Undergrad: 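Below: one structure in structure tokens.
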Amino acid sequence: MSEYLYPINDILFSLRSVAKTDRLTPYIDDAVDGDLLDAILGEAGKLAEQVISPINASGDKEGSRVENGEVIEAKGFKEAFKAYSEGGWIGLSGDPKYGGQGLPSYVATAVNEGVQAANLAFSLCPLLSLGAIEAISLHASDELKDLYLPKMLAGEWAGTMNLTEPNAGSDLAAIACKAIPDRDAFRIKGQKIFITWGDHQMTDNIIHLVLARLPNAPEGVKGISLFIVPKFLLDDQGEPGQRNDVQVVSVEHKMGIHASPTCVMSFGDKEGAVGYLVGQENQGIKAMFTMMNNARQGVGLQGLAISERAYQQALAYALERKQGMNADRTERVAIIEHPDVLRMLMTMKSQIDAMRSLIYVAAVENDMSHFASGEDQKLAIARTALYTPIVKGWITEQAQEITSLAIQVHGGMGFIEETGVAQHARDARILPIYEGTNGIQAIDLIGRKLHSDKGAAMMSLLADIEAEVVEWQKSNVSDYAEKVRLVLEQAKAATQTCLTEMEKNPVIGTGLAYSYMMLMGYLIGAWLQVRALYAAQNDSKLDKEQRDSWEHSAAFYCDHVLPRAFGCSHSIMFGISTVDKLNRNAFNR
């Protein structure tokens, strides 16, 4: 089994040459983009490779368990989390007022790629904490921020996100958990399910963010409020004291991410769990979406990370596994000499390169939405919203193919758990499901993002792509630019079709949503692949092998992956009547 290697050179190139981190220099100190960035990511790579990766396979085998009402995590996880916290990694982009380092989020994204690839199950704990930190930072009172953020940014306390209930999955309007006023706090009563890292022993306290209903609250999502519910109530010194009325009932036995405890949580079995209102009454969905949007981009990053891990293992195996003869039938060769294995490996690599570019472009756009001002900020806010469902949906769909191909490269050995490659496919399978299924991401893209502004943000993005394509057509990447242009024209037409159908009948229009999301993913991936190639060919710091690698990747993507966009476009342009006729009777037997 190959060990994980943090791809620092690819990450730095994607950040600087594709995502163009220098866009932020007018707004923030650009020192982070020099030697400091190299140093930060170098240390992050060591943490991922030497501390977090070695407990990935063992954690998968051991899983977690409940003992005496407490979740016991896999061996080595507490020590790894301590190293992660003491290194200051969770507070990289946090507010300096509360102990964070105030760095752009793209730095934290680059660090988290390594953490997630090294051990996806482990990485979910800091991911949920980061989402909770952001929600508290943006919506809680100053008093609550002062109490909770310093310890959370230091990694001494973890955070969770409690939305789902037995009868309220993606339909949050059905939430039944209650919040009863009790002097300056509330008593929370109800059950939540599928709570990632809902309990563990890695931190001194766990800060649950819980959606619940106040008495006489309006029905539906307009009557939901958000509450901080700590595992341990704080004493007069702000330290964990009395145990709150919060209890883990059980942990789920899952297909993958075995070492990440997915908990059934009970709030208020006795007197009621003490909770504190975050933001305004009945405005919980607004605050929770802060966590969810943070997590959705984080899940897209997980798709990239697990794909990179699977690709590294497949490549290492292909280089060492001898099977079959060379073309001259004179000697046995490693399987990487066989054209079909090369096809699979480059299918993996070219998509990973495109996925990574999108991740970091979206991260820099997110930073622009916070640090920039005026029209630049407005554009960045709209662009970040547009990218989020594509990052989550398209990238995690690609992760299914890539982790499956990693098994295929291994042949029969890939189906054997000892090789470890099957774990990546099992772990990756949750990604299109949680934080809003990919069908929900697609509907979000075509509804909230495309339809709500009559396509303004999307047409702005397509115009930016077209401007670069025109520039490239005058350069030595003109052949690739033409292939992007052809799909771009399809995307423009598909966008207009989707807008028209959403106006006529949104229910039918959403039947086109998945194809539209995938179309935009393939197009953006190609756009950024050619941008990367164009930058590589003009980067004197890269050697010939590196430039050749980017050319192979871009060429393969444009010839073998990008054509899938035409199928998506065809489904949109010509599949409306089919979608219109579909109903439950279509499945009678």
Side-chain angles (χ1 to χ4, degrees), residues 2-15 19 41 44-57 59-60 80 84 89-90 92 105-128 130-131 196 256-257 259-260 294-316 348-363 391-406 420-435 525:
S2 65
E3 285 303 322
Y4 170 68
L5 296 175
Y6 183 64
I8 187 169
N9 290 332
D10 287 347
I11 290 172
L12 287 170
F13 181 81
S14 292
L15 281 170
L41 299 192
K46 292 177 185 177
L47 176 76
E49 294 170 3
Q50 300 172 16
V51 177
I52 300 174
S53 179
I55 57 173
N56 184 46
D60 180 64
Y84 173 84
W89 298 108
I90 200 164
L92 279 176
S105 69
Y106 73 75
V107 181
T109 300
V111 169
N112 289 335
E113 179 183 335
V115 175
Q116 292 174 358
N119 193 324
L120 187 59
F122 172 89
S123 75
L124 289 168
C125 187
L127 173 70
L128 270 297
L130 287 167
T196 300
I257 54 169
S260 170
N294 179 292
R296 284 172 176 178
Q297 292 224 14
V299 173
L301 181 62
Q302 290 174 16
L304 164 66
I306 200 69
S307 297
E308 173 68 31
R309 180 70 184 261
Y311 165 69
Q312 287 189 17
Q313 191 162 341
L315 178 61
M348 298 169 77
K349 181 186 186 304
S350 67
Q351 292 188 87
I352 288 169
D353 288 341
M355 291 153 64
R356 179 173 288 115
S357 292
L358 173 55
I359 285 287
Y360 292 119
V361 164
V391 165
K392 197 281 184 182
W394 180 70
I395 288 180
T396 61
E397 291 292 333
Q398 304 316 98
Q400 306 309 302
E401 177 184 11
I402 292 167
T403 53
S404 179
L405 281 174
V421 72
Q423 181 191 345
H424 308 320
R426 289 189 285 101
D427 286 353
R429 191 58 192 86
I430 187 60
L431 304 182
I433 299 173
Y434 62 19
E435 301 310 330

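These numbers come from a predicted model, not from an experiment.
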Undergrad: Please report the closest heavy-atom contact between Leu41 and Ala110, naming both atoms and the distance.
TA: CD2-CB, 3.7 Å

Undergrad: Quick one: CG on Asp10 to CD1 on Ile352, what's the gap to the nearest 0.5 Å?
TA: 9.5 Å

Undergrad: At what distance, to the nearest 0.5 angstrom, does CD of Glu3 lie from CD of Gln50?
TA: 11.0 Å

Undergrad: Report the distance from atom CD1 of Ile359 to atom CG of Asn112, rounding to the nearest 0.5 Å.
TA: 11.0 Å

Undergrad: Keeping Ser123 on the side-chain end and Leu120 on the backbone end, is there a donor-acceptor pair under 3.5 Å?
TA: yes

Undergrad: Say you draw a straight line from OH of Tyr6 to CD of Glu308; how long is it, rounded to the nearest 0.5 Å?
TA: 10.5 Å

Undergrad: Does a side-chain heavy-atom distance below 4.5 Å link Met355 with Ile402?
TA: yes

Undergrad: To check you understand the geometry: which heavy-atom pair defines the closest contact between Leu15 and Tyr360, and what is its length?
TA: CD2-CD2, 3.5 Å

Undergrad: On a heavy-atom basis, which atom in Ala48 and which in Gly114 lie closest, and how many Å separate them?
TA: CB-O, 3.4 Å

Undergrad: Working to the nearest 0.5 Å, report the span between CD1 of Ile395 and CZ of Arg296.
TA: 14.5 Å

Undergrad: Give a yes or no on whether the backbone of Arg309 and the side-chain of Gln313 come within a donor-acceptor separation of less than 3.5 Å.
TA: no

Undergrad: Counting N and O atoms only, with roles assigned by atom type, does the side chain of Ser404 sit under 3.5 Å from a partner on the main chain of Gln400, one being a donor and the other an acceptor?
TA: no

Undergrad: Please tabulate, for the side chains in residues 297-307, all donor-acceptor contacts under 3.5 angstrom to protein atoms that are two or more places apart in sequence or on a different chain.
TA:
unit_1, atom_1, unit_2, atom_2, d
Gln297, NE2, Thr388, OG1, 3.1
Gln302, OE1, Tyr434, OH, 2.5
Ser307, OG, Gly303, O, 2.6

Undergrad: When rounded to the nearest 0.5 angstrom, what distance separates OH in Tyr4 from CG in Asn119?
TA: 11.5 Å

Undergrad: How close do Arg356 and Pro7 get, counting heavy atoms only, and between which atoms?
TA: NH2-CG, 3.6 Å

Undergrad: Would you kindly say whether Asp427 and Gln423 are connected by a side-chain donor-acceptor distance under 3.5 Å?
TA: yes

Undergrad: How about Tyr311 and Gln351: does a side-chain donor come under 3.5 Å of a side-chain acceptor?
TA: no

Undergrad: Which atom pair, heavy atoms only, marks the closest approach of Asn56 to Ala118?
TA: CB-O, 3.4 Å

Undergrad: Step by step, work out the side chain to side chain contact (heavy atoms under 4.5 Å, CB included) result for Leu358 and Trp394.
TA: CA-CA 10 Å; Leu358 173 55; Trp394 180 70; 4.0 Å; yes

Undergrad: Which residues pass the salt bridge (charged side-chain N to carboxylate O under 4.0 Å, His left out) test with Glu435, not counting sequence neighbours?
TA: none

Undergrad: Minimum heavy-atom separation for Thr109 to Ala363, with atom names?
TA: OG1-CB, 3.9 Å

